[in-house]
Amino acid sequence: MNKRIVIIGAGTMGNGIAHTFAQTGYQVSLIDVSQEALDRGLKTITSNLDRIIAKGNLTEQQKSTTLNNITTFTKLEEAAKDADLIVEAATENIDLKLKIFRQMDELAPENCILATNTSSISITKIASVTSRPEKVIGMHFMNPVPIMKLVEIIKGYSTSKETFSEIFELSKALGKVPVEVNDYPGFVANRILMPMINEAIETLYNGVAGVEEIDTVMKLGMAHPMGPLQLADFIGLDVCLAILNVMHDGFKNPKYAPCPLLVNMVTAGKMGVKSGEGFYDYAESKKAEKVAAAFLK
């Protein structure tokens, strides 16, 4: 357990991945562009650890050890020089990810594995801008990372068996359940999930039923823990749109075309929980208890 782990991005996914590695005993370097972003990430990790303590699944000493396992950086060159694994968890933007991977490849030791938490972007495409495509792999964690067991392990066209095996076993060491996936747009999780969410938005757009009604049908009829519109708000409508665009572009199939309502909502800044409004209004509660005014009958 002497591996040095670097996580790029202290947002929702990045701080969750850092939390998971640190709680498992790994030394973690957490990187973001500003100290403010890093402080927000650490605050989230601390409150999530407190939540686990409140449930009786962690001690104060374990919390302290976990936080001590995390060191923050605003410069990749300082954190990457001794890294065994770098996990990129930046925004789901292809240009940004390619830029980061070029930097990672330049700054990290030759033996360092470069992983991405992308939820839809081609691992092969990302690997193509590096000098080590055999050491590039996808580690698609689910949100919230400390709780969700699944990790999609995505092999790019050139990912070596050694790299895949190492990351597969490492994921198990984190207490996760890794699943082998090949590199096609949306992988497995989002290739199935996003068309369902998009169809729920189309159903609302076409006036078939209201927000709560659609979510209730899926929760009570299909035993989903969360309705698709609530889930879209939780993921972020901008993220849903980005993933649908990747699949629509990658497959050239109209069934992946995002609903015009989703496009309009993102354009208007209605991103879901993170912006305070999506299909539900989160001004007073994060629990999707109040339908957004735009969708009230």
Side-chain angles (χ1 to χ4, degrees), residues 1-32 34-74 76 78-90 112-113 115-117 119 137 139-153 165-179 189 225-226 230-231 234-236 273-274 282 285-289:
M1 201 172 290
N2 56 357
K3 285 188 180 299
R4 299 284 310 184
I5 312 296
V6 174
I7 311 296
I8 298 178
T12 302
M13 296 305 294
N15 72 58
I17 296 167
H19 171 164
T20 301
F21 272 103
Q23 192 178 323
T24 314
Y26 291 93
Q27 292 297 311
V28 176
S29 298
L30 181 60
I31 304 173
D32 212 308
S34 70
Q35 192 57 50
E36 290 78 14
L38 290 165
D39 290 343
R40 283 196 301 273
L42 286 175
K43 184 178 179 183
T44 300
I45 293 170
T46 303
S47 62
N48 286 339
L49 287 167
D50 286 337
R51 201 171 288 120
I52 299 169
I53 289 171
K55 292 179 179 176
N57 296 326
L58 198 74
T59 67
E60 285 287 349
Q61 178 58 51
Q62 288 171 316
K63 170 190 168 183
S64 178
T65 301
T66 298
L67 292 171
N68 286 336
N69 282 340
I70 302 172
T71 308
T72 60
F73 294 87
T74 54
L76 179 57
E78 293 175 12
K81 59 186 178 185
D82 300 320
D84 295 302
L85 168 67
I86 305 179
V87 182
E88 170 274 318
C112 181
I113 293 173
T116 174
N117 182 58
S119 50
I137 196 165
M139 290 184 82
H140 181 209
F141 290 87
M142 305 293 132
N143 184 27
V145 182
I147 296 168
M148 299 289 276
K149 290 287 189 185
L150 176 67
V151 186
E152 283 186 303
I153 309 296
S165 178
E166 188 168 339
I167 294 305
F168 196 86
E169 293 306 316
L170 177 64
S171 300
K172 289 200 283 190
L174 293 174
K176 302 301 183 186
V177 178
V179 174
M226 191 183 289
Q230 182 187 356
L231 180 56
F234 179 70
I235 293 167
V273 177
K274 64 178 149 191
Y282 301 96
S285 168
K286 299 283 169 102
K287 294 184 179 177
E289 295 167 325

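Numbers here are sequence positions counted from 1. Computed from heavy atoms alone, side chains included, the values below leave out hydrogens, waters and symmetry copies.
Among residues at least two apart or in separate chains, there is no ring-ring contact (aromatic ring centres under 6.0 Å, His included) pair with a member in residues 39-70. Legend: salt bridge (charged side-chain N to carboxylate O under 4.0 Å, His left out) pairs involving residues 22-32, not counting sequence neighbours: none detected.
The closest side-chain donor-acceptor pair between Thr116 and Glu88 falls under 3.5 angstrom. Under 3.5 Å, the side chains of Thr65 and Gln61 contain a donor-acceptor pair of N or O atoms.
Partners of Lys286 by salt bridge (Lys or Arg N to Asp or Glu O under 4.0 Å), not counting sequence neighbours: none found. Glu78 is linked by a side chain to side chain donor-acceptor pair (under 3.5 Å) to nothing, counting only residues two or more places apart in sequence or in another chain. Residues satisfying the ring-ring contact (aromatic ring centres under 6.0 Å, His included) criterion with Phe168, sequence neighbours excluded, are Phe164. Residues meeting the side chain to side chain contact (heavy atoms under 4.5 Å, CB included) test with Asn15, sequence neighbours left out: Thr44, Ile45. The salt bridge (Lys or Arg N to Asp or Glu O under 4.0 Å) search around Glu169 returns Lys172, not counting sequence neighbours. For Ala80, the side chain to side chain contact (heavy atoms under 4.5 Å, CB included) partners are Leu76, Ile86, Leu107, not counting sequence neighbours. Scored by the side chain to side chain contact (heavy atoms under 4.5 Å, CB included) test, Ser171 finds Met139, Val151, Ile153, Ile167, Pro178 as partners (sequence neighbours excluded). Every side chain to side chain contact (heavy atoms under 4.5 Å, CB included) that Met142 has, sequence neighbours left out, goes to His140, Met148, Leu150, Glu152, Ala189. By the side chain to side chain donor-acceptor pair (under 3.5 Å) test, Asp39 is found to be paired with Gln35, residues two or more places apart in sequence or in another chain being considered.
Under the 4.5 Å side-chain criterion, counting only non-hydrogen atoms from C-beta, Glu166 is in contact with Ile113. Using a 4.5 Å heavy-atom threshold, the side chains of Val6 and Leu85 count as separate. Asn143 places a side-chain heavy atom less than 4.5 Å from the side chain of Thr12. Taking the side chain as every heavy atom from C-beta outward, Ile70 and Phe21 never approach each other to under 4.5 Å. At a threshold of 4.5 Å between non-hydrogen side-chain atoms, the residues Leu38 and Thr74 count as touching.
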Report, one line per pair, each donor and acceptor closer than 3.5 Å where one atom sits in a side chain of residues 49-58; sequence neighbours left out.
{"from": "Asp50", "atom 1": "OD1", "to": "Lys63", "atom 2": "NZ", "distance (Å)": "2.8"}
{"from": "Arg51", "atom 1": "NH1", "to": "Asn48", "atom 2": "OD1", "distance (Å)": "2.6"}

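With hydrogens and angles ignored, the 3.5 Å screen pairs no side-chain donor or acceptor of Asn117 with any backbone N or O of Ala90. With Thr46 contributing its side chain and Leu42 its backbone, the two residues share a donor-acceptor pair below 3.5 Å. Using modelled atom types, no side-chain atom of Asn69 and backbone atom of Val28 make a donor-acceptor pair closer than 3.5 Å.
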